[in-house]
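Have a look at the structure below before the remarks.
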There are 2 protein chains.
Amino acid sequence: MINGTGPVKPETREKVMRVVEQEGFHPNRLGQKLRNSHSGMLLVMVSSIGNPFCALVVCGIESEAERRGYHIILCNSESSPQREAAYLKLLHERTVDGVITMDATTQIDALKEHIGHHPWVQCGEYKQGVAPFVSIDNYSAARAAVDHLIQSGKKRIAMISAREGYKYAQEREQGYLDSLAEAGLSWHKIVHVRNVMSFTDGASAYEALTSGDEPCDAIFGISDMLACGALNAAVKAGKAIPDQLAVVGFDGVPCSEITVPMMTTIQQPMLEMGNRSAGLLIDQIEGKLLTSHESELLLPWKLVPRDST
Amino acid sequence: MINGTGPVKPETREKVMRVVEQEGFHPNRLGQKLRNSHSGMLLVMVSSIGNPFCALVVCGIESEAERRGYHIILCNSESSPQREAAYLKLLHERTVDGVITMDATTQIDALKEHIGHHPWVQCGEYKQGVAPFVSIDNYSAARAAVDHLIQSGKKRIAMISAREGYKYAQEREQGYLDSLAEAGLSWHKIVHVRNVMSFTDGASAYEALTSGDEPCDAIFGISDMLACGALNAAVKAGKAIPDQLAVVGFDGVPCSEITVPMMTTIQQPMLEMGNRSAGLLIDQIEGKLLTSHESELLLPWKLVPRDST
DNA sequence: GTGAAAGCGCTAACAT
DNA sequence: ATGTTAGCGCTTTCAC
């Protein structure tokens, strides 16, 4: 036995010695994987790892994956359906055991088509009933952000959102509208921009929002980048922050901390979202049965009040 | 033949039909890989993908890898030698065909130990003669940054650098010192901080640099993050930028664009560094013989003058 | 020009 | 408690 009882010891020792002495033995994982039909790989699909939000979720994924003995293959889909399809083939070709999608730009149904019944976790953007997911309650987070602005006395609160109809964007817009309505504020305005990750789109949105005859006195950005862009444009224009214009962002990525003044934002638990996504996926792969209660996770977010409000 | 000549056609057609009809055939890559002893995987080792510089280089790596039919496995080493060693085992276990290291925090020699003769490209931080590398000429880039400051009339130019003795940091420090010396400026001061990716370390460095009786009138930061932190601290303190204090960063990551005023920086060609690293690695894997001229690349950088100088 | 067979390195099941 | 064998799915070689 391996724990050294019986007369086997000398031989066991000899083997161990050989291995240690030669210092040259490494099992070929390819053979192992083929035999066990288990690749030990997770596909992580993001639109671009250059997006800090994605990068931090990926950090979380990687650490949990490593803890449980898996490695991750990274796919920058660039939101291209072709690239996505190409990478998803890895599931059928048994190169990966499962996939975590974070790519908000795609149709979930199209993904489902390619993924079939392979293990899958949706992270961030999701559709209920299609596959397990890990996200936050975007609606209530948006409400908290807007309520925070309302409580500070703002009356004309605008929003910068995404042109594409992502579910998360719709939920945040709905939260925005409902909070205004509940507070009896009839003034509302949503500017839709092309690129959620662009500072300049945020700056342009600011221009659009303040050029009219009824400029807003607060902006809720659907992402920190957008909000940063708007905030900086306002600072450049000489606006007093937060008196003349208050700004709230969304995500809690590092750039929210480097504006002057520092930006209030909704902090998403990015690392934990990554951890939990990986955990859920590996559970699926390893055949653990999960209730929908265990596999449909909305993690807590946090309003981080700073100097822009 | 596959191009449809001869009497084979009907059978070929039948086969193709079957495959297409069933729509269910996907070759098992595990078998393929085992047979060909070629994993088609590249290991990409970064200290953390949360670092935007790394993330953008990884984008470049991924796109070139994909173009040439490879996939990438991501390792966040967190600069831990244990984690690095664990991931490098993938080389011996034939899970990956080669590795690109971007982790400046480690001893290159320790890496060499684990990597042995496996295909390897050093990206960013490198040691000549150990393995092919892709980087920039840090010395001349630093000189350009400091010369730019000198030309704008600054006399007391300080530098924020890394506490750890990375090669790239030493080269940039040397460039800084030589430019000052050549301009006949005897005043010099280098503050060494712990974390090159930290805004707050940049801010603290600013405090240290301006609290004395001889405050500096310009700062050269070894990274954009550090320079951002210093710039923002200066703005908060009410300094006139660039008249009272000019700032130059290094890297050209997005955060350099969102300061107010926008920050002058040295732009590294991150995407291309990634592309070339992947290309070099795949060439090695595929047995292409390269001269040192082809495999030791110092790519062009660019000084991007903006409003902080 | 097509089909059968061997073997990549591993592990599970079997026989000793 | 050890040794042997078969087969994971593929490709390359060899015989037809």
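Given the structure is predicted, the values throughout are model-derived calculations rather than measurements. By convention in this document, chain letters (A, B, ...) are assigned in the order of the sequence lines, proteins followed by strands, and residues within each chain are numbered from 1.
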Spatial distance of atom OG (B:S223) from atom CZ (B:F53) [nearest 0.5 Å]: 10.5 Å
Figure out the CZ/P separation between B:R94 and C:dC8, and round it to whole Å. 14 Å
In whole angstroms, the gap separating P of C:dC10 from NZ of A:K33 amounts to 13 Å
Does B:E164 reach the main-chain N or O of B:R194 with its side chain, forming a donor-acceptor pair under 3.5 Å? no
Quick check, are the ring centers of A:H114 and A:H92 under 6.0 angstrom apart? no
Checking contacts here: which listed nucleotide (D:dT12, D:dC10, C:dC8) is nearest the side-chain heavy atoms of B:L34? C:dC8
Would you mind reading off the distance between B:L30 atom CG and D:dT11 atom P, rounded to a whole angstrom? 12 Å
Which whole-number value in Å describes the distance from B:R35 CZ to D:dC10 P? 13 Å
Give the rounded distance in Å between these two atoms: CG of B:N36 and C1' of D:dT11. 6 Å
Quick one: sort the B:H38 and B:Y70 rings into parallel, tilted or perpendicular, breaks at 30° and 60°. perpendicular
Just the rounded figure in Å: distance from C1' of C:dT11 to CZ of A:R29. 13 Å
Output the single nucleotide from D:dT12, D:dC10, C:dG9 whose closest atom is nearest the side chain of A:N28. C:dG9
Whole-Å gap separating C1' (D:dT12) and CD (B:Q32): 13 Å
